[in-house]
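A short write-up of the structure that comes next.
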Amino acid sequence: MPTTSDYTEGHTVRAFDAEMEGLRTLLLETGGLVADQVTKAVAALVERDPRLVETVMEREEAVNARDLAGEEMVFGLLAKRQPVGADLRAILAMSKALTDLERCGDEAKKIAKIARRFMNDGIPADPRFTDVVSDMAKLASRLLKRVLEALDDADAKRAVEVAEADGRLDSEYKLALRLVHEHLVEEPNKIDHAADLVIAIKALERIGDHAKNIARYVIFLVEGKDVRHVKTKHLGKELSS
């Protein structure tokens with residue numbers, strides 16, 4: 001299994017390597033937790049399952065705690081080790097990735113709260129929306145898992161593939177919006193319900209954006225190229241150059 005030494009300098013001070021590996025492990029574990037939060041939140045919305053809502057809400061605290069722990073690790077590494085070059089790049093990339101993961105957790109919580117509101121209001125699941133929302137959730141979770149694999153394997157090429165795949169999630173988002181609009185035309189009295197649905201599908205689209213952000217951090221970490229402002233369609237070309 002790759003370690004942080006695959007994209008950092010490697011050190012004679014073993015404590016530094018251990019701290020870097022601790023940050024990397026925390027990041028990967030947080031990513032796994034967040035991806036599962038997304039899956040459970042959407043399942044709660046689709047299945048109207050209050051137990052899943054409570055699971056997501058309770059585990060949100062764990063996501064936040066990991067974000068704070070990661071921040072403390074980053075501050076400690078910067079203050080004690082004064083890293084430069086590849087080491088500094090790795091710390092900054094992992095720190096930014098943790099922030100995006102925490103925001104993905106916030107989006108999952110948002111979806112779970114909407115699911116709870118629908119259940120409290122007695123609004124049944126509508127098969128016109130459940131399929132497209134489920135498809136979006138599967139794709140969003142897959143993007144998160146793939147970008148974490150790219151980080152774990154120090155694979156910039158796979159990160160580019162994740163960034164490019166976000167376009168498919170954007171297409172699913174537009175389809176879902178169209179369905180909500182058609183629903184409103186047919187039943188204009190359900191505008192509150194429709195507004196919540198838009199918030200939920202927007203949350204999934206934002207999760208894809210965060211995965212794309214992390215993909216850019218992976219490229220920065222592995223290749224040393226800051227591609228935050230490079231258009232997605234040009235990432236592959238930028239990598240090969």
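In what follows, residues are counted from 1 in the order of the sequence shown. On a predicted model such as this, the values are computed, not experimentally measured, just so you know.
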Could you state the interatomic distance from [atom1] ([X]) to [atom2] ([Y]), rounded to the nearest 0.5 Å?
X: D36; Y: L144; atom1: CG; atom2: CG; answer: 11.5 Å
X: L175; Y: E172; atom1: CG; atom2: CD; answer: 6.0 Å
X: E61; Y: K109; atom1: CD; atom2: NZ; answer: 8.5 Å
X: L139; Y: L169; atom1: CG; atom2: CG; answer: 5.0 Å
X: H210; Y: T99; atom1: NE2; atom2: OG1; answer: 10.0 Å
X: I214; Y: L221; atom1: CD1; atom2: CG; answer: 12.5 Å

Taking the side chain as every heavy atom from C-beta outward, state whether [X] and [Y] have any atom pair closer than 4.5 Å.
X: D166; Y: V162; value: no
X: V63; Y: L101; value: no
X: L98; Y: L23; value: yes
X: T30; Y: D67; value: no
X: R66; Y: L27; value: no
X: R158; Y: R146; value: yes
X: L88; Y: L78; value: yes

Listed by chain and number, what are the side chain to side chain donor-acceptor pair (under 3.5 Å) partners of [X], not counting sequence neighbours?
X: K202; result: E205
X: K113; result: none
X: S171; result: none
X: E186; result: R128

Apply side chain to side chain contact (heavy atoms under 4.5 Å, CB included) to [X] and list each qualifying residue two or more places apart in sequence or on a separate chain.
X: N64; value: E60, E102, D106
X: A176; value: V132, M136, I201
X: A125; value: R48, T130
X: K231; value: K233, H234

Common cluster, [X]/[Y], ILVMFWY with side-chain heavy-atom separation under 4.5 Å:
X: I199; Y: I123; result: yes
X: V34; Y: L143; result: yes
X: V56; Y: M119; result: no
X: L197; Y: L52; result: no
X: V38; Y: M57; result: no

Quick one: do [X] and [Y] make a salt bridge, cutoff under 4.0 Å?
X: R216; Y: D226; answer: no
X: D155; Y: K157; answer: no
X: D196; Y: R117; answer: yes
X: E54; Y: R51; answer: no

Return the minimal non-hydrogen interatomic distance between [X] and [Y], and the atom names on each side.
X: I207; Y: A140; value: CG2-CB, 3.9 Å
X: A41; Y: A112; value: CB-N, 4.1 Å
X: L45; Y: A200; value: CD2-CB, 4.1 Å
X: A44; Y: V53; value: CB-CG2, 3.7 Å
X: A159; Y: A150; value: N-CB, 3.8 Å
X: L148; Y: G32; value: CD1-N, 3.9 Å

Connected-component partners of L235 among ILVMFWY, side-chain separation under 4.5 Å: V160, I219, V227, V230, L239

With a cutoff of under 4.5 Å between side-chain heavy atoms, which Ile, Leu, Val, Met, Phe, Trp and Tyr residues group with F220? none

Between E107 and K110, is the salt bridge (charged side-chain N to carboxylate O under 4.0 Å, His left out) condition met? List the steps. CA-CA 5 Å; E107 300 296 345; K110 192 182 298 180; 3.1 Å; yes

Which is it for E19 and R81 under the side-chain contact (heavy atoms from CB on, under 4.5 Å) test, yes or no, and what are the steps along the way? CA-CA 10 Å; E19 289 166 7; R81 307 302 180 187; 3.0 Å; yes

Strictly distance-based, threshold 3.5 Å: is any side-chain N or O of T25 a donor or acceptor partner for the main-chain N or O of E21? yes

I'd like to know if the side chain of K40 and the backbone of T55 have a donor-acceptor N/O pair within less than 3.5 Å. no

What pairs meet the ring pair (Phe, Tyr, Trp, His ring centres under 6.0 Å) rule with one or both residues in residues 106-162, with sequence neighbours excluded?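 Residue pairs with at least one partner in residues 106-162: F118-H193, F129-H183.
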
Quick one: side chain to side chain donor-acceptor pair (under 3.5 Å) pairs with a partner in residues 131-140, sequence neighbours left out? none

Might you work through the side-chain contact (heavy atoms from CB on, under 4.5 Å) test for M20 and I91, ending with a clear yes or no? CA-CA 8 Å; M20 292 287 284; I91 292 168; 3.5 Å; yes

